[in-house]
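First listed ligand is number 1; within each ligand, the first listed atom is number 1. Computed from a predicted structure; not experimentally measured. FYI, side chains are in, hydrogens and waters are out, and symmetry mates aren't considered; it's all heavy atoms of this structure.
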Amino acid sequence: MKSEDRSTDRASRGPAGLRAGLTSYGDDGFSLFLRRAFIKGAGYSDDALERPIIGIATAISDYNPCHGANPGLVAAVRRGVMLAGGLPMEFPTVSVHESFSSPTSMLLRNLMSMDVEEMIRAQPMDAVVLVGGCDKTVPAQLMGAASAERPTIQLVSGAMLTGTHRGGRVGACTDCRAFWGRHRAGTLDPGEIDEVNSALVGSAGTCSVMGTASTMACVAEALGIALLGSAAPPAVTAARLRVGEATGAAAVDLARAGTPIKQIITADSIENAARVVFAIGGSTNAIIHLTAIAGRLGIPLALDDIDRWARDTPVLVDLKPAGEGYMEDFHRAGGLVTVLHEISDLLHLNVLTVTGRSLGDELERARPVRSSTVVRPRTTPLFTDGGIAVLRGNLAPRGAIIKQVAASPELLCVTGRAVPFDGVEDLASRIDDPELDVRPEDILVLRGAGPVGAPGMPEAGYIPIPRRLAERGVTDMVRISDARMSGTAAGTIVLHITPEAAVGGPLALVRHGDLITLDVPARRLTLDVSEEELDRRRSELHADRQPVASRGYRRLYVERRSQAVEASSESISTNTSAGVLYPSIRRGRVL
Ligand code: FES
């Protein structure tokens, strides 16, 4: 596409700046008169009010320490906007933190996306900068902005710094899980669990490993909706603030060009982002979020595409939970720029980015760091066969996924006895029961934890090793579920089994002692029980597994959510994990 075609003619875009989206009084002149009167009351001059308006969507909250450094970052964005001749206008949105959202943050992702969408649409702005970073924030912001169809640029918060515990480096939250596992196994010094608790989170910022937040930061950069080089600088560094200033300036240019988000996020840039998820050993949650973002723009993303791209994209980034390093190491290794240079032959380099230049042009301007062990060269990848694999079989007829790069190699092809749990409460009450019939070679099964069953699809797929086995030194077992898993977790863990148990998926038919076969090289997950027996069990299933909600957003969620790994190519209304919940509402099918 030629650059002159990319920018819509200013006149054809309708009113800009303060004149856009006037409040309905039946008299546009009066609406603008009133709007100007109020904003002048806040001290703005006529000169300021004639500038391109750059909305800055913040998600700052005392309940969200991952965004604790965002006030300084937003100040840098404001500076960049003003240096480029624009007028910055901050506005708050819902803020969702992983550890402060009950019952689970995923339930609230679409609430946040609805907020972002409507606040962008309702208020006058010629472009919007989305500032945030905690796991659900970037997905929610991009989903909302995609639906609002305004020129958009993403700015992530940046990762936290690591801490020090007894001479060793620690960071949230892969190490949180490792230390908690040792605590459960009784192998930690008494009192040490409290000591490490104070060291795990070294500063404000998002989790310090390649978890979901870091993965989505890289996704935004790979999509071209964030500046190249913007994903990796840690939250509390000068580099992060300079990225903020540059993003503010770029937003003014973007507003002047009027480039709509659908010209940036396209089928090709979605493929680029998916390949980046695999190359960085990224979070399984990114598949859910990327499908939902694509769904907002009507771009189909099928599990078969995911598996095909994953198979020929090597894992190059050696960060926890798949490897050893932390995000600050990734930053020193050149961040995503180095990765993009390494896999450039797998990318669509002609896609447009927010600067108005192509990804290829941007990469030519950016220097990679070639001397690092954190980003491996293509000749010595961390893992050759894609970080994530898509499984199918009679236990997952419509698909499931496993992060094979973070699994135990010896457990990737096994048959074991099923030990099932019905929901997170049952899991919590029985997993450490000394009478539980469980052996190290068994397969732990959690059901009733999908988008419908929980509801909200909590990160319960990281089923703890039963204490009795942990005390014997067992550190990994095959675990399967219709839940999600934190991007910071590791283990041989099958997730997002679809259809989930709560809607009658085969996971609901598993009984204690059944044999289950996991064969990742063959991409298979099977329940080794005859079809006749499964039919008999199916006829005995109760139809009361689905939760109900009487009112409000929860009712909306319960009525409109969809399955976890559905391909959006089937229909926009069967997209991922409530990813298209809100477009359905806007089409008038709920409200
Ligand atoms: Fe916010 Fe991990 S809890 S990024």
Side-chain angles (χ1 to χ4, degrees), residues 58-71 73 93-109 111-112 130-142 154-163 170-180 196-221 226 230-237 240 277 280-286 288-289 319-322 325-328 330-331 403 406 456-462 484-490:
T58 67
I60 296 170
S61 162
D62 284 347
Y63 291 103
N64 196 337
C66 291
H67 296 174
N70 280 17
L73 187 58
T93 67
V94 165
S95 185
V96 178
H97 184 271
E98 293 304 294
S99 298
F100 285 91
S101 301
S102 176
T104 175
S105 61
M106 189 64 179
L107 185 69
L108 302 171
R109 182 198 66 178
L111 178 67
M112 182 174 182
L130 309 168
V131 185
C134 193
D135 287 16
K136 305 302 174 292
T137 306
V138 170
Q141 290 179 329
L142 288 179
Q154 179 80 55
L155 173 62
V156 299
S157 302
M160 62 181 69
L161 301 179
T162 52
V170 293
C173 234
T174 305
D175 297 331
C176 311
R177 298 173 202 287
F179 275 93
W180 190 252
V196 74
N197 186 255
S198 301
L200 283 163
V201 178
S203 74
T206 53
C207 285
S208 57
V209 297
M210 192 53 82
T212 304
S214 301
T215 302
M216 291 309 299
C218 292
V219 161
E221 190 174 323
S230 66
V236 292
T237 59
R240 169 60 49 196
V277 172
I280 61 178
S283 166
T284 50
N285 289 315
I288 287 181
H289 298 318
L319 295 193
K320 293 175 185 252
Y326 296 89
M327 281 300 285
E328 55 202 58
F330 186 52
H331 173 51
K403 187 173 179 176
M457 208 182 182
E459 291 183 339
Y462 181 77
R484 295 180 305 115
M485 171 176 85
S486 166
T488 64

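Applying the side chain to side chain donor-acceptor pair (under 3.5 Å) rule to Lys403 yields no partners; only residues at least two apart in sequence or on another chain are considered. Residues satisfying the side chain to side chain donor-acceptor pair (under 3.5 Å) criterion with Asn64, sequence neighbours excluded, are His67, Ser95. For Thr237, the side-chain contact (heavy atoms from CB on, under 4.5 Å) criterion is met by Pro233, Pro234, Ala239, Arg240, not counting sequence neighbours.
Protein atoms that are N, O or S and lie under 2.8 Å from atom 2 (Fe) of ligand 1 are these: Cys207 SG.
Checked by atom type and distance alone, the side chain of Glu221 pairs as donor or acceptor with a backbone atom of Ser230 at under 3.5 Å. Judged by distance alone, with hydrogens and angles left aside, the side-chain atoms of Ser208 form a donor-acceptor pair with the main-chain N or O of Ala172 at under 3.5 Å.
Residues Thr104 and Arg484 form a side-chain contact, since some pair of their non-hydrogen atoms from C-beta on lies under 4.5 Å apart.
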